[in-house]
Amino acid sequence: MYTSTTSLSSKGQIVLPADLRKKLSLREGRRFFIFSEGSNIMLKPIQEPDEQEFFQLLEKEREWASKVGLTESDIADAIKAVRASHK
């Protein structure tokens, strides 16, 4: 477990201490999910898939779409329908 203190800037920014960033290998630009319940706040670093994992997932979804008969035009139509419903 890690404990420390930090403060909130006038711009709403919170600095994570350098030793924690080093311990967790956090670099500038890293994105986080933010969860809150009551007065508790939790930050969870977002793990982005590596390129090979991404292409494996993409191929799996293409196979699924082909199996169920989904076409590119079906996807385009679905996107148009969602965009129209948000106007």
Side-chain angles (χ1 to χ4, degrees):
M1 176 179 266
Y2 177 88
T3 61
S4 184
T5 62
T6 190
S7 59
L8 185 68
S9 77
S10 61
K11 294 182 179 183
Q13 299 166 325
I14 296 175
V15 174
L16 299 177
D19 55 336
L20 177 62
R21 294 192 313 266
K22 184 176 180 181
K23 178 181 177 181
L24 299 176
S25 300
L26 300 174
R27 307 245 188 278
E28 179 181 344
R30 184 66 179 263
R31 299 186 56 84
F32 295 84
F33 285 115
I34 302 173
F35 304 91
S36 70
E37 184 173 343
S39 63
N40 297 313
I41 301 170
M42 182 172 74
L43 300 174
K44 173 84 171 115
I46 297 172
Q47 294 291 82
E48 296 182 13
D50 64 28
E51 188 174 336
Q52 181 179 357
E53 183 182 1
F54 173 78
F55 286 115
Q56 288 172 345
L57 290 170
L58 185 59
E59 182 58 31
K60 183 178 176 182
E61 295 310 314
R62 284 182 174 150
E63 289 172 4
W64 171 84
S66 177
K67 182 179 177 180
V68 299
L70 192 64
T71 66
E72 286 188 35
S73 64
D74 293 331
I75 295 168
D77 292 344
I79 291 170
K80 287 178 188 175
V82 169
R83 288 181 176 162
S85 72
H86 285 90
K87 289 183 179 181

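In this chain, residues are counted from 1 in sequence order.
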Hydrophobic cluster identity match, M42 and L26, side-chain contacts under 4.5 Å: no
Could you tell me whether the side chain of T6 and the main chain of L16 form a donor-acceptor pair under 3.5 Å? no
What's the separation between atom CG in L24 and atom NZ in K22, rounded to the nearest 0.5 Å? 12.5 Å
What's the separation between atom CD in E51 and atom CD in Q56, rounded to the nearest 0.5 Å? 11.5 Å
Atom CG of N40 and atom CZ of F35: how far apart are they, to the nearest 0.5 Å? 13.5 Å
Within a radius of less than 6.0 Å around CZ of F33, do more than 12 heavy atoms belonging to other residues, nucleotides or ligands occur? no
Examine I14 and I46 and state if one hydrophobic cluster contains both, with Ile, Leu, Val, Met, Phe, Trp and Tyr joined whenever side-chain heavy atoms are less than 4.5 Å apart. no
Spell out, as yes or no, whether a donor-acceptor pair under 3.5 Å connects the side chain of R30 to the backbone of P45. no
L8, CG atom: more than 12 neighbouring heavy atoms under 6.0 Å: yes
As a quick check of understanding, evaluate side-chain contact (heavy atoms from CB on, under 4.5 Å) for L58 and F55, giving each step before the final call. CA-CA 5 Å; L58 185 59; F55 286 115; 4.2 Å; yes
Contacts satisfying side-chain hydrogen bond (donor to acceptor under 3.5 Å, both in side chains) that involve residues 70-87 (not counting sequence neighbours) are T71-S73, T71-D74
Should V68 and I75 be regarded as members of a common hydrophobic cluster, given that ILVMFWY residues are connected when their side-chain heavy atoms come within less than 4.5 Å of each other, either directly or indirectly? yes
Does E59 have any side chain to side chain contact (heavy atoms under 4.5 Å, CB included) partners at least two apart in sequence or in another chain, and if so, which? R62, E63
Over 12 non-hydrogen atoms of neighbours within 6.0 angstrom of CD in E53: yes
